[in-house]
Amino acid sequence: MSMKAECFNPELTINSGQMFLWQKKKDAWYGIHADHVLKLSIDDQHADKKEGRIKYDSFPEDRGWEKRLFRMDDDIDKILNIISFDPLVRSSVMRYPGLRVMRQDPIQCMFSFLCASNINIQRIRKILFNLCNRFGKKMTVDGDQFFMFPRPRDLHAANIAEIVNCGTGYRAKSIKMLASKIHNREIVPQELIRMSYEDAKRSLLDIYGIGDKTADCILLFSLEKLEAFPIDTWIARIISNKYEILLGKNNMGTSSLRHHLSHQQYRFLSSRMRMHFGAYAGYAQQYLYYYSRHIAGRKW
DNA sequence: GTACAGGCAGTAT
DNA sequence: ATACTGCCTGTA
C-alpha cells in the first residue's frame with residue numbers, strides 16, 4: 001500500500017490541535033509564528049490543477065517557510081508506511097489524508113503548551129491571543145492588525161498581574177519563570193534540538209510548570225523528536241479502549257487510565273507506545289489523537 | 001450551583 | 001512510589 005504525499009492538507013493540519021494561533025479571514029488562513037505572520041490561501045480558480053493550488057505567503061517574507069512548518073523534508077511516504085503496520089493507525093491515515101506533524105517555533109511552542117494545562121483548546125487560543133495582544137509587536141497584513149508572539153524578554157520583564165490579566169490564571173508564574181530561563185539562556189532551543197530525546201526531556205521537566213505531557217508536545221512539535229508520544233486525556237482514552245494489549249497484565253486497570261496518570265504510569269505507557277511504533281511514534285500519535293477527538297465529535 | 005476542560009506541583013503517607 | 005489536593009477561569 002502506498003501513501004500519497006501529494007494529498008497534504010494544510011487546513012486539516014492547522015486545525016488538528018497542534019497549533020493555536022491560526023485564524024481564518026475571508027478565504028485565507030493567517031497564523032502567528034514567532035515574529036512572522038504566515039498566510040495560506042486556497043486558490044479556487046486553479047482548483048482543477050493539483051500543483052500550485054495553495055499559495056503560501058509570509059510577512060515579512062520568509063521563503064520556504066511552508067516546507068519547514070509542515071515538515072515537507074520528511075519522507076512522508078516512508079513514515080506513513082512504517083506506522084501503518086498498526087491497523088488503527090492505518091485506518092486513520094486513510095481516513096484523514098494530508099494530516100501532518102508540524103515543526104513549530106520552539107519558544108512559541110514552549111509557551112503555548114505551558115499555557116495548555118487543564119483547559120480546553122478554545123481557552124488556550126484565547127489566552128495566547130491575549131498574550132500576543134498585550135506583549136507582542138503589531139503588524140498590519142492585508143489591512144488587518146496582527147500581534148506577534150511575545151519575546152521572552154518582554155514576558156520576563158512583565159508583572160505577574162499583567163500576565164494574569166491575559167487570562168492565564170495560575171499559569172502566570174510558570175510563564176514568567178520560563179521567560180526568565182530563556183532570556184538568561186538557561187534554556188537554549190538549539191541545544192535541546194541537538195540532545196537525545198531523553199536528555200532533552202529531562203531538561204524540559206526541570207522547568208516549573210512543564211510535566212510529562214507538556215514536555216512531549218514540545219519535543220514532538222518543535223524539537224525534532226519524532227519518537228515523542230504525548231499522552232493527554234484523548235490518547236489515554238484511545239489507549240485504554242484500543243491498546244489494552246500493550247498495557248501489560250497487572251500494571252493498571254484501564255479505568256484508572258482515564259483519570260490520572262502517575263509519572264510512572266506515563267513513562268511506562270509512553271515507552272510502550274514508542275516501542276510499538278518506533279522512531280516515528282509521534283506521527284502515529286497525531287493520527288490517533290485526531291481520530292480520538294473526531295469520533296468523540298469534537299469540533300476543535 | 002457545579003462539573004469540567006489537551007496537567008502540574010506540593011504535601012502527607 | 002502512590003494518593004490526594006488545590007489551582008485560574010470560562011463555558012455548559
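Naming: A, B, ... by sequence-line order, numbering from 1 per chain.
- Between the Asp62(A) side chain and the Ser58(A) main chain, no donor and acceptor come within less than 3.5 Å of each other.
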In residues 136-149 of chain A, what donor-acceptor pairs under 3.5 Å come from side-chain atoms, sequence neighbours left out?
residue, atom, partner, partner atom, Å
Asp142(A), OD2, Tyr30(A), OH, 2.4
Asp142(A), OD2, Lys39(A), NZ, 2.8

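- Atoms CZ (Arg298(A)) and P (dC4(B)) sit 13 Å apart, rounded to a whole Å.
- Residue Arg171(A) contributes atom CZ, which lies 14 Å from atom P of dA5(B) at whole-angstrom precision.
- At a cut-off of 3.5 angstrom, the base of dG7(B) holds no donor-acceptor pair with the side chain of Tyr266(A).
- What separates CD1 of Ile175(A) from P of dC7(C) is a distance of 18 Å, to the nearest Å.
- Qualifying salt bridge (charged side-chain N to carboxylate O under 4.0 Å, His left out) partners for Arg134(A), counting only residues two or more places apart in sequence or in other chains: Glu162(A).
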Run the side-chain donor-acceptor check on residues 121-133 of chain A: report pairs under 3.5 Å with partners two or more places apart or on a different chain.
residue, atom, partner, partner atom, Å
Arg123(A), NH2, Gly167(A), O, 3.0
Arg125(A), NH1, Phe20(A), O, 2.8
Arg125(A), NH1, Trp22(A), O, 2.9
Arg125(A), NH2, Trp22(A), O, 3.4
Asn130(A), ND2, Lys126(A), O, 3.3
Asn130(A), ND2, Cys166(A), O, 3.0
Asn133(A), ND2, Phe129(A), O, 3.3

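- Residues passing the salt bridge (charged side-chain N to carboxylate O under 4.0 Å, His left out) test with Asp35(A): none are found, sequence neighbours excluded.
- With sequence neighbours excluded, no residue satisfies salt bridge (charged side-chain N to carboxylate O under 4.0 Å, His left out) with Asp232(A).
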Revision key, fill the gap. Per-nucleotide protein contact along nucleotides 8-13 of chain B, 5' to 3', at a 4.0 Å heavy-atom cut-off (B base, S sugar-phosphate only, - neither), is SSS---
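- Consecutive Watson-Crick or G-U pairing (both distances under 3.5 Å) extending over three or more pairs maps onto DNA chain C as B:2-5 with C:9-12, B:7-13 with C:1-7.
- For Ser91(A), the side chain to side chain contact (heavy atoms under 4.5 Å, CB included) test picks out Leu88(A), with sequence neighbours left out.
- Rounded to whole angstrom, the span from the CG atom of Leu261(A) across to the P atom of dA1(C) amounts to 16 Å.
- DNA chain B is contacted by Ile119(A), Asn120(A), Ile121(A) of residues 119-129 of chain A, taking any non-hydrogen atom closer than 4.0 Å.
- Going from atom OH of Tyr170(A) over to atom C1' of dT9(C) covers 10 Å, rounded to whole Å.
- With sequence neighbours left out, Met195(A) forms a side chain to side chain contact (heavy atoms under 4.5 Å, CB included) with Leu192(A), Asp199(A), Ala200(A), Ser203(A).
- Take Arg267(A) and apply the salt bridge (charged side-chain N to carboxylate O under 4.0 Å, His left out) test, not counting sequence neighbours, and it matches Glu198(A).
- The list of ring-ring contact (aromatic ring centres under 6.0 Å, His included) pairs with a residue in residues 157-188 of chain A, not counting sequence neighbours, reads His156(A)-His183(A).
- In this structure, CH2 of Trp234(A) is placed 16 Å from C1' of dG7(B), rounded to the nearest angstrom.
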